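The structure under discussion appears below in the form of structure tokens.
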Amino acid sequence: MTGQGLGRLLMRQIIAYARQRGIQAVVGEVLQNNESMLRLNQAFGFTLERDPDDPDLIHVRLPLGRG
């Protein structure tokens, strides 16, 4: 089942948790064919970068800064 907003809710929680603990960035790896997760990451402002050693893998990163 998709489209229920659970991913968006969880991502908000992850980002809030990281900010509260002073973590400087949220990073992860997403499979290139996982279009819905890549769109979600883009919507939250993550940068996306292909892995030079694995064309099926995308590195995602959201700097949180100080706040």
Side-chain angles (χ1 to χ4, degrees):
M1 182 184 293
T2 61
Q4 301 299 311
L6 183 58
R8 188 169 294 276
L9 176 65
L10 290 172
M11 187 64 75
R12 282 191 190 112
Q13 293 293 324
I14 290 167
I15 293 168
Y17 180 90
R19 280 195 172 120
Q20 290 170 357
R21 280 145 187 84
I23 295 171
Q24 295 179 0
V26 176
V27 297
E29 297 175 335
V30 180
L31 291 174
Q32 174 266 330
N33 66 353
N34 190 344
E35 296 175 10
S36 60
M37 182 55 116
L38 292 171
R39 281 193 305 271
L40 178 65
N41 279 273
Q42 286 178 308
F44 275 93
F46 282 74
T47 58
L48 282 62
E49 184 177 319
R50 288 194 183 277
D51 185 315
D53 298 320
D54 185 347
D56 293 328
L57 196 60
I58 306 291
H59 295 278
V60 297
R61 177 180 178 80
L62 179 66
L64 299 178
R66 298 176 194 259

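What you see is a predicted model; the values in this text were computed from it and never measured. For the single chain, residues carry numbers from 1 onward in sequence order.
The side chain to side chain contact (heavy atoms under 4.5 Å, CB included) check on Glu35 picks up Arg39, with sequence neighbours excluded. In terms of the side chain to side chain contact (heavy atoms under 4.5 Å, CB included) criterion, Glu49 has no residue partners (sequence neighbours excluded). Applying the side-chain hydrogen bond (donor to acceptor under 3.5 Å, both in side chains) test to Asp51 and every residue at least two apart in sequence or in another chain returns His59.
Minimum heavy-atom separation, Ala25 to Pro63: CB-CA, 4.0 Å. Closest heavy-atom contact between Leu64 and Ile23: CD1-O, 3.4 Å.
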Return all side-chain donor-acceptor pairs below 3.5 angstrom for residues 5-17, not counting sequence neighbours, or 'none' if the list is empty.
| unit_1 | atom_1 | unit_2 | atom_2 | d |
| --- | --- | --- | --- | --- |
| Tyr17 | OH | Arg21 | NE | 3.4 |

For residues 41-48, which side-chain donor-acceptor pairs fall under 3.5 Å, sequence neighbours excluded?
| unit_1 | atom_1 | unit_2 | atom_2 | d |
| --- | --- | --- | --- | --- |
| Asn41 | ND2 | Met37 | O | 2.7 |
| Thr47 | OG1 | Arg61 | O | 3.3 |

Could you walk me through whether Ile58 and Leu31 pass the side chain to side chain contact (heavy atoms under 4.5 Å, CB included) check? CA-CA 6 Å; Ile58 306 291; Leu31 291 174; over 6 Å; no
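Once rounded to the nearest 0.5 Å, the distance linking CG of Asn34 with CD of Glu29 reads 13.0 Å.
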